[in-house]
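Some notes on the structure that comes next.
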Amino acid sequence: MDEVDKILIHSLRQTGTDVGKDVQSVKHFTSELIVEAVVRCLRVIDPALGSGLCPSLPPGMSARFRVGMSLAQACQDLGYKGEIGYQTFLYSNEPEIRSLLMFLVEKLPRESAEASDQPAGKSALLQKSIAAQIKAQLALPWLSPSCRLPLLCKTQNPGPSHSFHSQTLSLPHCLKVPGKRQLKGKPQNTQDPQENDYHRDFLPPVTAQPSQHASVPASLLEQHAGELSAAQEWENEWNSQGLLSRLTPEEYRSRKRARLQKRIEEQLRTAAQTRPDTLGAHGSGSDLTELLQSFGGSPLIGDILAKGTRFTHTEKFTFTEEPEKAAKQMAAAANSLPSSHQSEEDLQARQQEELASLQQQLQQLSLSLEEVGGDMRQLTVSIHQVSDELKQKELSNTEEEDSVRVKKQTIYLLPDGENNLAKLQALVEGSAERVVNLAAQWEKHRAPLIDEHRRLKELCSNQAMESSRKLSEIKELHEKISQSAEEAKKKEGLYKQLITEFENLPKDISRSAYTARILEIVGNIRKQKEEITKILSDTKELQKEINSLTGKLDRTFAVTDELVFKDAKKDESVRKSYKYLAALHENCTQLIQTIEDTGTIMREIRDLEEQIETENGKKTVSNLEKILEDYKAIRQENSALAAKIREA
Amino acid sequence: MAAPETQLMLSIGLIEKDVNADTLWVWCYPSVSAELREVLLSKCCLTQDSQGLNTFVTFSVQEPSALKKVTHFSLVVTAKDFNPEKYAAFSRVLCRMYIKHGSPVKMVEGYIAVLTKGICQSDENGSFLIKDYDVRKAYLAGSVKDVVSQFGMETIILYTALMLKKRIVVHHPRIEALLEFTRALPALTWHRKDWSILHPYVHLADSELENLRTCTGYVAGFVDPQVSNRPDLFDVYVNLPDTEITVSQSAKEAMAMGKLHKDIGLVIVQSAEDADRTDGQVIKDISIKTREILANLASLAEDCENSKITLETLKQRHFPPATENFLFHLAAAEQLLKI
């Protein structure tokens, strides 16, 4: 019980209850102390519940009574199963108080659970401390500037905060450009000397580069974030696709770049050609095609589009000329606009003239447009025709050449027709046989080569499979290594953190002593349980024996009784023995009865003794005296109140 | 000796796909240039009969056979003329020989026999005779009626494009449908009997497109739907599965159609819808109409100097503008235009 009390007192002290140093056990708790302890526990467990209660007992009796009732109600709301009322607090006894306090202390929220959930690691600690600081600052009430203390000024001023402006910085070890990987050991040797000089002599340091000093941290953060994300993305991509493609990093990057360029080309091409076919669009289309041409990869595309644009270029050119001319004329016309002394009619006439001339020009322009258009068509069509003719002529040319050749040779052979025909046929057959022969010989060479090629290809593919399998194994191993390294790091961090926490913990309670005792108690209980089960089984055995013996007895007596009674009718001595038998049986039954009664009474005695002990601990007498006194006090208060009311 | 005909065959070649999933050009006779080999390699493998100037027949090898390690092979016959049935039959004969003997020597024998004598013994019953396969039959084998039934009045667009030697691109995801459809198109201009404009199976590869660009007018078939994003390749785009014909912007002006076209269109549609007329007769009807127009044009040409037409002569006749435009371009296509 001492240990339990010590734990209780310690927990109560932690909730804020002021338990004196000399109070060592719950027996010595006064009512005030009990009330204070319960209220503080309630406040910790459930602030809403406990906020309405006051930790100190008021002097007035009725007030005390009320406080007791509300406390009892609160404890019942929390879920206390035992019997509780105002008497528990005002007229307390030890076991009740102990069980109530244990219930409350168990209900106290556990702080230890939170600590174990928190992640370890330096960044987590940093974040936690930042959060704690901000919470503390937010908890302070905001004061107007004139009332502020200098300490608060620093945190409540809007001064230190700036909006997030960032500017691009230029660093000599810039890793943003892919392909130019610079090794950490030799930063400057791989660049050209002019750049080195620039970096060394002219480039201002990073803190001086942004235009405003306030944007230095923002710019640094952004730069770093950009580099970090680029590096991470490259890592991810390389680990997932790059290794599979089995190229060196540079090759992989250049291939990726070519792929992306091709896609951009295609997109631009489709965008350029979905434009509507208006005159105005021709101009922008030709700009876009020039852009495409500059990609260089497809001169054909450029040619095709240029064919069209050559004409559009001329068109565009003529059109730009005309608007210029027209603009010049407009300017001239504007200059010759009437000054203030010229008359209205002159003005109108002049305007009409200008209108007429402009219209004429327009007509001329449209005429020339049509002409040019017609010329264009004519030319395209004739180009088609001519190229067609050319092709056809070429084809017929080659055919005729062939036929001329054959005919020449036939003419040569014509004089001796029959003979030559036979000779030719023989020649043809001979060459056919020769060709077949040659084909057979070639086949002899070809087949093994093809087989060899196939065999080597198979070998190659098998090796490729092997290597890809090994590659995947290596990747797995890498992953495992990185995982275990991370875990080890985490565990070490956690270990360090826990060590520091452990060192910071108060040493007043020794946990190990408690755990040892608990384990001891558990062992004891186990042993007791075993003993109890043994005793129970023994008792059962005994009871079974008793039952069987009683049964046997009854049966034996019944049989004997019958036997003797049968003979008792005839013989006198048998009658006597029968009477003795009956008496014996009765006496024995009485004996057994007495023994049983003795046993029951002894049990009752034990129970009663236990009850006496508990009642003794309840200090009932003193409580009764207190109750009487309080009752008298309440009666007095009641009469005083009644008198006051009568007076008022 | 069927000399002019046999000279039409240029070469035969063998492409094999083996157990390593490798496609190799294993044998050819007499010789095939490297670029052509590349092109043919890209087109074979799982291609059934393709027509035009090449023929492939693909066989898959079953056990037991004399060929080890080969899962499929393709036979390529390059020739100058258009006669798919002839070359298909010939290829099948050669392929069977190859499967049976496992060596191309027998194929060479067959090939030379056809080259020299026009006949080849096949292992099955009968033999392969060149004269069984007339080229006219090949020309007529394409079904114009199907084309008209699929496109109806829009067939006139195809007719105009072919007459004016424009570039037509046909798209269909399946190559058999592509082949069937495109082989019928040159029949619309029967008076030229020119099937060299037909390129039924083209990939979007630079070398092939280069080849296409050198032709003024062609009918090209593509399996790749990306070709619709290449308006530089066509004047008329036919989307077979959706039965859509689009004329590209640059050609709209040249392909403007008027009353004359409506007449022709009606003739075509009526003739094709008539269930009693065969394909040959439909083609004949169309060619009659074509000849009328050409005769008209020729008479115009005679009136001019040098037998060549100029735009002014056309303008003098005061045709409606669409007809005038059409006749102008047609004159260019038929080489009657003064340059």
Side-chain angles (χ1 to χ4, degrees), chain A residues 266 269-270 273-274 276-277 298 300-301 303-305 307-308 373-374 377-392 395 399 402-403 406 424-425 428-429 431-433 435-444 446-447 449-451 453-462, chain B residues 1 3-4 7 16 18-22 24 26-27 29-30 68-70 102-109 111-113 115-117 164-166 194 196 206 209-210 213-217 226 229-233 249-250 252-254 310-311 325 328-329 331-339:
Chain A
E266 265 192 49
R269 193 187 294 133
T270 45
Q273 279 154 358
T274 49
D277 195 2
S298 45
L300 302 167
I301 308 284
D303 283 344
I304 286 292
L305 292 175
K307 235 204 261 178
R377 261 190 321 152
Q378 178 91 1
L379 286 171
T380 19
V381 161
S382 20
I383 284 177
H384 272 208
Q385 180 179 331
V386 168
S387 50
D388 211 13
E389 264 187 61
L390 186 67
K391 253 182 83 182
Q392 277 188 0
L395 268 174
E399 277 179 29
D402 278 334
S403 61
V406 170
L424 267 176
Q425 268 182 342
V428 163
E429 275 165 30
S431 355
E433 272 180 36
V435 166
V436 171
N437 239 348
L438 284 171
Q441 284 184 9
W442 167 238
E443 185 60 26
K444 269 197 275 221
R446 182 195 76 99
L449 285 174
I450 293 268
D451 281 336
H453 174 95
R454 293 214 166 114
R455 193 183 62 82
L456 288 173
K457 233 9 196 347
E458 239 186 278
L459 218 63
C460 200
S461 69
N462 284 347
Chain B
M1 250 169 48
Q7 301 236 354
E16 277 180 7
D18 57 16
V19 291
N20 299 330
D22 214 9
L24 288 175
V26 293
W27 182 89
Y29 173 79
K68 315 255 187 306
K69 286 199 176 190
V70 175
S103 117
V105 179
K106 283 283 168 194
M107 292 204 320
V108 177
E109 281 186 26
Y111 178 71
I112 297 207
L115 205 56
T116 51
K117 299 196 201 80
L164 299 181
K165 291 201 180 160
K166 295 288 175 196
D194 181 14
S196 66
D206 283 334
L209 296 179
E210 186 64 38
R213 267 188 255 275
T214 57
C215 314
T216 39
Q226 288 290 325
N229 296 335
R230 301 289 301 269
D232 53 317
L233 289 176
Q249 287 298 103
S250 46
K252 265 211 171 47
E253 183 236 329
T310 57
L311 197 54
N325 194 18
F328 177 58
H329 283 96
E334 296 289 328
Q335 288 157 11
L336 291 172
L337 196 66
K338 176 166 173 151
I339 306 170

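Chain letters run A, B, ... following the sequence lines, proteins first and then strands; every chain starts at 1.
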Go through the steps to decide whether Leu164(B) and His384(A) satisfy the test side chain to side chain contact (heavy atoms under 4.5 Å, CB included), and finish with yes or no. CA-CA 10 Å; Leu164(B) 299 181; His384(A) 272 208; over 6 Å; no
Has Lys252(B) got more than 12 heavy atoms of other residues, nucleotides or ligands less than 6.0 Å from its NZ? yes
Atom pair NE2 (His329(B)) and OG1 (Thr380(A)), whose distance is rounded to the nearest 0.5 Å: 6.5 Å
Mind checking whether Glu109(B) and Glu433(A) have side chains closer than 4.5 Å, heavy atoms only? no
Shortest non-hydrogen contact between Val105(B) and Ala440(A), atoms and distance: CG2-CA, 3.5 Å
Heavy-atom pair with the smallest gap, counting every atom of Ala333(B) and Asp388(A): O-OD2, 3.9 Å
Under a 4.5 Å heavy-atom cut-off, does chain B meet the side chain of Glu429(A), its backbone, both or neither? neither
Let's test your reading of the structure: which of Leu438(A), Val435(A), Asn437(A), Leu449(A) forms the most heavy-atom pairs below 4.5 Å with chain B? Val435(A)
Show your reasoning for whether side chain to side chain contact (heavy atoms under 4.5 Å, CB included) applies to Lys165(B) and Gln385(A). CA-CA 10 Å; Lys165(B) 291 201 180 160; Gln385(A) 180 179 331; over 6 Å; no
Using a 4.5 Å cut-off on heavy atoms from C-beta on, say whether the side chain of Glu266(A) contacts that of Asn229(B). no
Nearest-0.5 Å distance, CD of residue Gln378(A) to CZ of residue Phe328(B): 4.0 Å
